[in-house]
Number of protein chains: 2
Amino acid sequence: MTLEDQELKKAGLKVTLPRVKILQILENCSDRHMTAEDIYQALRDSDGDVGIATVYRVLTQFEAAGLVERHNFDNGPAIYEIDRGEHHDHMVCTETGKVIEFHDAEIEALQERIAAAQGYQLVGHSLVLYVKPKTS
Amino acid sequence: MTLEDQELKKAGLKVTLPRVKILQILENCSDRHMTAEDIYQALRDSDGDVGIATVYRVLTQFEAAGLVERHNFDNGPAIYEIDRGEHHDHMVCTETGKVIEFHDAEIEALQERIAAAQGYQLVGHSLVLYVKPKTS
DNA sequence: CCCACAAATGCGAATAGTTCTGATTTGCTT
DNA sequence: AAGCAAATCAGAACTATTCGCATTTGTGGG
């Protein structure tokens, strides 16, 4: 019973080979931001016989279970990352594609206030900054 | 030579029937936030024989010319709106789908600072608040 | 005012990303 | 180890969008 197995159990998900492998890939990947296709390729490269449909299904379940977060940058494929419980937003370099995480308590607070001012309650948000290196 | 014609000319675009009609639809629509499909239907309902491919092509040109803005809310189709030169972000009600515009100078300023702190220059951003009515 | 020619359009096919379907396999319960 | 629900596979389907190419449409020059 590995750590991954326990996480899956805790999330109420049956411990299956595809799910364990996908969880491992997400935990071990270097930049922590992978597309479904990236994961599919990683599986393919190692050994697996996991279909792309399963990758999507498993990622959706992981998201529902709070194990991973899904983000949509502009157009293009969604990216997935392990949810470590530390909320953050993203900055994407338009030249290199690099993704940088950041968190700003002030912005978070302002968002709440803005929603409240219109008679709403904030249930979520998506903030992506598109940036380029300063010296170009 | 209508107002729409002039706008198109100014943008360096040939004045064609599809372009004029699409511009009118965008200017006259009630909620100001339409999908390409919405526009296609509006054209179809009135009279036109404009293909969906043309709708997309024209919208892309309008965006490049600064006449309209395109936004991607989460997944689902992109929405387009006339660019009146007043920058704003969006709040989407998760229950009714209602879209509310807002602008907050403080958040804008903070975004610049955050990008700068990482050695980047802000070239754009996407901020969407997902909200629900306070009393539910 | 008309003509030529580039630019724009329509249609259908193609693409990208993602989800569904239905037959087969897998893993939990005993 | 058997049974059964849950999960998977492969491929088809779907949604949003773009492309290719034959045809049409504006526009500037004569």
Side-chain angles (χ1 to χ4, degrees), chain A residues 1-2 4-23 25 33-44 46-65 67-80 97, chain B residues 1-2 4-23 25 33-44 46-65 67-80 97:
Chain A
M1 175 77 75
T2 69
E4 281 86 16
D5 292 7
Q6 291 173 3
E7 283 190 78
L8 290 171
K9 277 260 168 67
K10 200 164 49 184
L13 295 168
K14 208 148 100 174
V15 177
T16 65
L17 223 52
R19 302 219 256 236
V20 173
K21 284 192 204 163
I22 291 172
L23 196 50
I25 286 168
H33 299 94
M34 301 187 85
T35 66
E37 188 65 27
D38 289 340
I39 293 167
Y40 180 59
Q41 288 307 326
L43 285 164
R44 171 135 306 194
S46 62
D47 55 335
D49 275 315
V50 179
I52 187 76
T54 299
V55 174
Y56 277 106
R57 238 178 306 118
V58 167
L59 287 171
T60 302
Q61 293 158 343
F62 282 6
E63 192 192 6
L67 290 175
V68 309
E69 281 187 357
R70 169 186 170 148
H71 302 286
N72 283 92
F73 294 159
D74 223 14
N75 33 27
I79 67 106
Y80 298 84
Chain B
M1 174 76 75
T2 68
E4 281 86 17
D5 291 10
Q6 291 173 3
E7 284 190 77
L8 289 171
K9 277 259 168 64
K10 200 165 51 183
L13 295 168
K14 207 149 102 173
V15 178
T16 64
L17 224 53
R19 301 222 257 235
V20 173
K21 284 193 205 161
I22 290 172
L23 196 49
I25 287 168
H33 298 94
M34 301 186 85
T35 65
E37 187 65 27
D38 289 339
I39 293 166
Y40 179 60
Q41 288 307 327
L43 284 164
R44 171 136 306 194
S46 63
D47 57 333
D49 275 315
V50 179
I52 187 76
T54 299
V55 174
Y56 276 106
R57 250 183 320 222
V58 167
L59 287 171
T60 302
Q61 294 158 344
F62 282 5
E63 191 193 5
L67 291 176
V68 309
E69 281 187 355
R70 169 188 170 147
H71 302 285
N72 283 93
F73 294 161
D74 222 16
N75 33 27
I79 67 107
Y80 298 84

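A note on names: the letters A, B, ... follow the listed sequences, proteins ahead of strands, and every chain is numbered from 1.
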Interatomic distance, [X] [atom1] vs [N] [atom2] [rounded to whole Å]:
| X | N | atom1 | atom2 | result |
| --- | --- | --- | --- | --- |
| B/M34 | D/dA16 | CE | P | 15 Å |
| B/Y40 | C/dG12 | OH | P | 10 Å |
| A/R19 | D/dA6 | CZ | C1' | 8 Å |
| B/I79 | D/dA16 | CD1 | P | 14 Å |
| B/L43 | C/dC11 | CG | P | 12 Å |
| B/I39 | C/dT9 | CD1 | P | 14 Å |
| B/L8 | D/dG26 | CG | C1' | 13 Å |
| B/D5 | D/dT27 | CG | C1' | 13 Å |

Check the interface with nucleotides 27-29 of chain C: list each N/O to N/O pair with the protein under 3.5 Å, or write none.
residue : atom : partner : partner atom : Å
C/dC28  : OP1  : A/V15   : N            : 3.2
C/dC28  : OP1  : A/V15   : O            : 3.3

Evaluation steps, side chain to side chain contact (heavy atoms under 4.5 Å, CB included), between B/F62 and B/L8: CA-CA 9 Å; B/F62 282 5; B/L8 289 171; 3.5 Å; yes
Test item: B/R19 side-chain N/O and B/V58 main-chain N/O as donor-acceptor pair under 3.5 Å: no
Pair A/T60-A/R57, side-chain donor/acceptor within less than 3.5 Å: no
Protein-nucleotides 17-20 of chain C N/O pairs under 3.5 Å:
residue : atom : partner : partner atom : Å
C/dT18  : OP1  : A/A78   : N            : 3.0
C/dT18  : OP2  : A/Y56   : OH           : 2.6

Spatial distance of atom [atom1] ([X]) from atom [atom2] ([Y]) [nearest 0.5 Å]:
| X | Y | atom1 | atom2 | value |
| --- | --- | --- | --- | --- |
| B/Y40 | B/L59 | OH | CG | 14.0 Å |
| B/E4 | B/I25 | CD | CD1 | 11.0 Å |
| B/H71 | B/H33 | NE2 | NE2 | 6.0 Å |

Atom CG of A/D5 with >12 non-hydrogen neighbours under 6.0 angstrom: yes
Crowding at CG, B/D74 (>12 non-hydrogen neighbours, <6.0 Å): yes
Audit row: B/I79, B/R70, side chain to side chain contact (heavy atoms under 4.5 Å, CB included) steps and yes/no: CA-CA 6 Å; B/I79 67 107; B/R70 169 188 170 147; over 6 Å; no
